[in-house]
Amino acid sequence: MILVYTGNGKGKTSACTGQAVRALGQGMTVAFGQFMKRDGQAGEQAMLTQWLGQRFLAGGCGFLRHEEDRPAHREAALRVLEWARQQMAEADMLVLDESLYAFGAGILLREEIEELMALARQQDTHLVLSGRNAPDWLVNAADLVTSMTEIKHPWREGIKAAPGIEY
């Protein structure tokens, strides 16, 4: 199946991590890649590294904030993409967290996502994609789409991101 976690609310990475844990609990082989986050940036990375070893990759450069950083971000996305293709051969589930952020920023291309989707279906691998603003073509092609909707978030009250909650 192709699963998509999208929307403007908190919880997309948490849903991806939970999906990976559920699959691991069923004895499945899971690979988990992050397109935007740098290694050591978020709490889930420590546990995913422990559980998955080389099947976990936080290969990003952080979020794209300056246009002059685009080439470095594209190179990082290509490295994660190549890693993902390699993992697909052995994984029952491949999670590509923040892939839709990378797509929205123009550092991951539609054709590259469609290629991964076709490969996943060919190899009978569940593919999990996450990030804001899932495009209509992806929503239509996916088997499961969940949208996280923000109702209330402490950052709107000036409260800073908290370890174990946002990262």
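Counting begins at 1 with the first residue of the sequence.
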Near [X] [atom1], under 6.0 Å, is it more than 12 heavy atoms from other residues, nucleotides or ligands?
| X | atom1 | answer |
| --- | --- | --- |
| E157 | CD | no |
| N133 | CG | no |
| M1 | CE | no |
| D136 | CG | no |

Would you indicate whether the side-chain heavy atoms of [Y] and [X] approach each other to under 4.5 Å?
| X | Y | value |
| --- | --- | --- |
| M36 | I107 | yes |
| L96 | L116 | yes |
| H126 | L94 | no |
| L129 | L3 | no |
| Q34 | Q41 | no |
| L144 | V4 | no |
| V80 | L57 | yes |
| R156 | E150 | yes |

Point to revise | Results of side chain to side chain contact (heavy atoms under 4.5 Å, CB included) for A76 - residues two or more places apart only | key: C61, R79

Review point. Among all residues two or more places apart in sequence or in another chain, which pass the side chain to side chain contact (heavy atoms under 4.5 Å, CB included) test with M148?
Key: Y5, K12, A15, T146

Check your understanding: Taking the side chain from R132 and the backbone from N8, do they hold a donor-acceptor pair closer than 3.5 Å?
Key -> yes

How many angstroms lie between [atom1] in [X] and [atom2] in [Y], if you round to the nearest 0.5 Å?
| X | Y | atom1 | atom2 | result |
| --- | --- | --- | --- | --- |
| D92 | Q123 | CG | CD | 11.0 Å |
| E115 | M88 | CD | CE | 8.5 Å |
| T17 | E44 | OG1 | CD | 5.0 Å |
| L119 | L127 | CG | CG | 9.0 Å |
| K37 | Q45 | NZ | CD | 6.5 Å |
| R22 | Q19 | CZ | CD | 6.5 Å |

Tell me the closest heavy-atom pair linking [X] and [Y], and the distance in Å.
| X | Y | value |
| --- | --- | --- |
| C16 | V128 | SG-CG1, 3.9 Å |
| F103 | R110 | CE1-N, 3.6 Å |
| A23 | V30 | CB-CG2, 3.6 Å |
| A141 | R121 | O-NH2, 3.0 Å |
| H73 | G62 | CE1-O, 2.9 Å |
| D143 | I2 | OD2-N, 2.7 Å |

Exercise for review: Could you go through the salt bridge (Lys or Arg N to Asp or Glu O under 4.0 Å) check for E166 and K160 one step at a time?
Suggested key: CA-CA 9 Å; E166 280 91 16; K160 293 185 179 191; over 6 Å; no

Check your understanding: Quick check, are the ring centers of Y101 and F35 under 6.0 angstrom apart?
Key -> no

Following the transitive rule for hydrophobic clusters with a side-chain heavy-atom cut-off under 4.5 Å over Ile, Leu, Val, Met, Phe, Trp and Tyr, establish whether [X] and [Y] coincide in one cluster.
| X | Y | result |
| --- | --- | --- |
| V95 | W83 | no |
| V139 | I113 | yes |
| L48 | M93 | yes |
| W155 | I165 | no |

Practice item. On the 0 to 90° scale, with breaks at 30° and 60°, tag the F56-F32 ring pair as parallel, tilted or perpendicular. Key: tilted

Exercise for review: Using the side-chain contact (heavy atoms from CB on, under 4.5 Å) rule, take R55 and T29 through it: C-alpha gap first, then chi angles, then the decisive distance, then the call.
Suggested key: CA-CA 9 Å; R55 287 201 173 96; T29 300; 3.5 Å; yes

Practice item. In plain terms, say whether R74 and E112 are close enough for a salt bridge, that is, a side-chain N and a carboxylate O under 4.0 Å apart. Key: yes

